[in-house]
Amino acid sequence: TNKQTAVLEGNILTTGNITHDTTCTITYRSDPVVNVVVQSDNKVLMVQEAWGDVKGMWNFPAGHLDEGENIFDGAIREAKEETGYDVELVGLVNVQNALYDNKHVIHFVFAAKIVGGEISFDPNEIMNVEFVDIDKLINMTDDELRGGDTRRESLTKIKNGEILPL
């Protein structure tokens, strides 16, 4: 077998006897989505979607970043908008790549704790907000749990206490 080694020194990448200058800019379009997971005992705070093809499906409080918004502020904002709760982010559960309808999406899944507020949501976007048993969520079908496999992966990490500090 012929193996080739790549070495990066500063902005110079060397592979075999070819040298690449890595200072060029490559534009890669992706769609970051922030997700918030609040755990209480063996339950997770979930929202039930009220719109379009995802109506009735359970999901983490989640959404897209606003222009210029960082992932931390976006996660806190989405939790407030979708649940009414003020949260403090306490850890990172997962970073996931997904492809939906030929669109690349990066999910940042944060663990959080409630620090204020009360359940409140826009009924045009959310049908229900409640704490749902983790095992029940893991066993939901893809028609019940939005994002299916990506959500199950994060739920399993939460169940197993696999949360990284921020």
Side-chain angles (χ1 to χ4, degrees), residues 26-67 69-166:
I26 297 172
T27 303
Y28 181 73
R29 295 196 46 99
S30 63
D31 192 10
V33 173
V34 289
N35 301 257
V36 177
V37 178
V38 176
Q39 183 180 7
S40 178
D41 298 320
N42 200 39
K43 294 184 176 186
V44 173
L45 182 66
M46 299 292 285
V47 298
Q48 193 172 25
E49 306 282 6
W51 56 275
D53 293 343
V54 295
K55 186 174 184 173
M57 296 178 87
W58 290 97
N59 194 13
F60 299 140
H64 300 272
L65 295 178
D66 288 342
E67 177 108 13
E69 186 175 45
N70 70 51
I71 58 176
F72 307 108
D73 292 341
I76 291 167
R77 176 186 51 76
E78 284 293 342
K80 180 70 171 180
E81 286 178 5
E82 294 198 353
T83 69
Y85 287 122
D86 298 308
V87 299
E88 176 185 332
L89 303 180
V90 297
L92 179 65
V93 176
N94 217 347
V95 177
Q96 299 167 298
N97 288 300
L99 190 63
Y100 301 113
D101 299 323
N102 292 320
K103 185 176 185 181
H104 180 240
V105 179
I106 300 173
H107 287 273
F108 295 90
V109 184
F110 293 100
K113 66 179 181 180
I114 295 172
V115 294
E118 59 186 36
I119 291 180
S120 171
F121 53 88
D122 178 350
N124 293 315
E125 292 190 22
I126 304 295
M127 294 172 60
N128 192 13
V129 174
E130 70 178 64
F131 281 90
V132 181
D133 182 80
I134 291 175
D135 291 321
K136 179 179 177 182
L137 291 165
I138 290 171
N139 291 309
M140 283 184 177
T141 67
D142 288 350
D143 291 332
E144 298 171 300
L145 184 64
R146 186 171 179 192
D149 289 339
T150 59
R151 296 300 181 272
R152 281 186 209 88
E153 181 182 324
S154 291
L155 288 162
T156 301
K157 286 179 178 260
I158 294 159
K159 181 178 178 177
N160 294 334
E162 298 172 20
I163 299 170
L164 301 171
L166 291 178

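No hydrogens, no waters, no symmetry mates; every other heavy atom, side chains included, goes into these values.
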A.B. asks: Can you name the nearest heavy-atom pair linking Ala79 to Pro61, along with the distance?
C.D. replies: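 Looks like CA-CB, 4.2 Å.
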A.B. asks: Please determine if Asp142 and Arg152 form a salt bridge, counting it only when a charged side-chain N lies under 4.0 Å from a carboxylate O.
C.D. replies: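 Salt bridge between Asp142 and Arg152, a charged N being under 4.0 Å from a carboxylate O: yes.
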A.B. asks: Is any side-chain heavy atom of Lys80 closer than 4.5 Å to one of Val87?
C.D. replies: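 No, side chains not in contact.
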A.B. asks: Within this structure, what is the CG-NZ distance for the pair Leu164 and Lys157, rounded to the nearest 0.5 Å?
C.D. replies: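 Rounded to the nearest 0.5 Å, the CG-NZ separation comes out at 7.0 Å.
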A.B. asks: Check whether any side-chain heavy atom of Val47 sits under 4.5 Å from a side-chain heavy atom of Glu125, and report yes or no.
C.D. replies: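 A side-chain contact is absent here, since even the closest heavy-atom pair is not under 4.5 Å.
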A.B. asks: Could you tell me the separation between the CD atom of Glu130 and the CG atom of Leu45, rounded to the nearest 0.5 Å?
C.D. replies: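 Glu130 CD to Leu45 CG: 9.5 Å, rounded to 0.5 Å.
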A.B. asks: Measure the spacing between CD1 of Ile76 and CZ of Phe110 and express it to the nearest 0.5 Å.
C.D. replies: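 Between Ile76 CD1 and Phe110 CZ, I get 9.0 Å after rounding to 0.5 Å.
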A.B. asks: Looking at side-chain heavy atoms only, is the closest gap between Val93 and Asn35 below 4.5 Å?
C.D. replies: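 Not in contact.
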A.B. asks: Taking the side chain as every heavy atom from C-beta outward, state whether Tyr85 and Ile119 have any atom pair closer than 4.5 Å.
C.D. replies: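 Yes, at least one pair of side-chain atoms sits under 4.5 Å.
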A.B. asks: Which heavy-atom pair separates Asp135 from Asp133 by the least distance, and what is that distance?
C.D. replies: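 In terms of heavy atoms, the two residues are closest at N-OD2, 3.0 Å.
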A.B. asks: Hey, is CG on Asn160 packed in by over 12 heavy atoms from elsewhere, all under 6.0 Å?
C.D. replies: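 Atom CG in Asn160 is crowded, with more than 12 foreign heavy atoms closer than 6.0 Å.
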A.B. asks: Report yes or no: do Thr150 and Glu153 form a side-chain donor-acceptor pair below 3.5 Å?
C.D. replies: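 There is no such pair between these side chains.
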A.B. asks: What is the minimum heavy-atom distance between Ile106 and Phe108, and which atoms define it?
C.D. replies: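 Taking Ile106 first and Phe108 second, the nearest heavy atoms are CG2-CE1, 3.7 Å.
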A.B. asks: Considering residues, nucleotides and ligands other than Lys136, do more than 12 of their heavy atoms fall under 6.0 Å from its NZ?
C.D. replies: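 Atom NZ in Lys136 is not packed in, count stays at 12 or less.
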A.B. asks: Considering non-hydrogen atoms only, spot the tightest contact between Glu82 and Phe121 and give its length.
C.D. replies: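 So the two residues come closest at O-CB, 3.5 Å.
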A.B. asks: What do the steps show when you test Gln39 against Ile134 for side-chain contact (heavy atoms from CB on, under 4.5 Å), and what is the final call?
C.D. replies: CA-CA 9 Å; Gln39 183 180 7; Ile134 291 175; 3.7 Å; yes
A.B. asks: Could you go through Ile126 and Glu49, starting from their C-alpha distance and side-chain angles, then the distance that decides it, and tell me whether this counts as side-chain contact (heavy atoms from CB on, under 4.5 Å)?
C.D. replies: CA-CA 5 Å; Ile126 304 295; Glu49 306 282 6; 4.2 Å; yes
A.B. asks: Would you give the length of the straight line joining atom OG of Ser154 to atom CD of Glu162, rounded to the nearest 0.5 angstrom?
C.D. replies: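 If I round to the nearest 0.5 Å, the distance is 10.5 Å.
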A.B. asks: What are the two closest non-hydrogen atoms of Leu92 and Val109, and how far apart are they?
C.D. replies: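 Looking at all heavy atoms of both residues, the shortest contact is CD1-O, 3.4 Å.
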A.B. asks: Calculate, to the nearest 0.5 Å, the distance between atoms CG and CG belonging to Leu65 and Asn70 respectively.
C.D. replies: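 Going from the CG atom of Leu65 to the CG atom of Asn70 covers 8.0 Å.
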A.B. asks: Measure the shortest side-chain to side-chain distance between Lys55 and Met127 over non-hydrogen atoms and say whether it is less than 4.5 angstrom.
C.D. replies: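 The answer is yes, as the side chains (C-beta and beyond) meet within the 4.5 Å cut-off.
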A.B. asks: Which atoms form the tightest heavy-atom contact between Ala111 and Ile163, and what is the distance?
C.D. replies: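 Heavy-atom minimum between the residues: CB-CG2, 3.8 Å.
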A.B. asks: Passes side-chain contact (heavy atoms from CB on, under 4.5 Å), Met46 versus Phe131? Steps please.
C.D. replies: CA-CA 6 Å; Met46 299 292 285; Phe131 281 90; over 6 Å; no
A.B. asks: So Phe60 and Val44, do their side chains get closer than 4.5 Å, heavy atoms only?
C.D. replies: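 Counting from C-beta outward, Val44 and Phe60 do come under 4.5 Å.
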A.B. asks: For the residue pair Val33 and Glu78, establish whether any side-chain heavy-atom pair is separated by less than 4.5 Å.
C.D. replies: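 Contact flag for Val33/Glu78 side chains = no.
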A.B. asks: Are any of the side-chain heavy atoms of Asn59 and Met57 separated by less than 4.5 Å?
C.D. replies: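 No - every pair of side-chain heavy atoms lies 4.5 Å or more apart.
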A.B. asks: What is the distance from atom OG1 of Thr83 to atom CG of Asn128, rounded to the nearest 0.5 Å?
C.D. replies: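 Thr83 OG1 to Asn128 CG: 12.0 Å, rounded to 0.5 Å.
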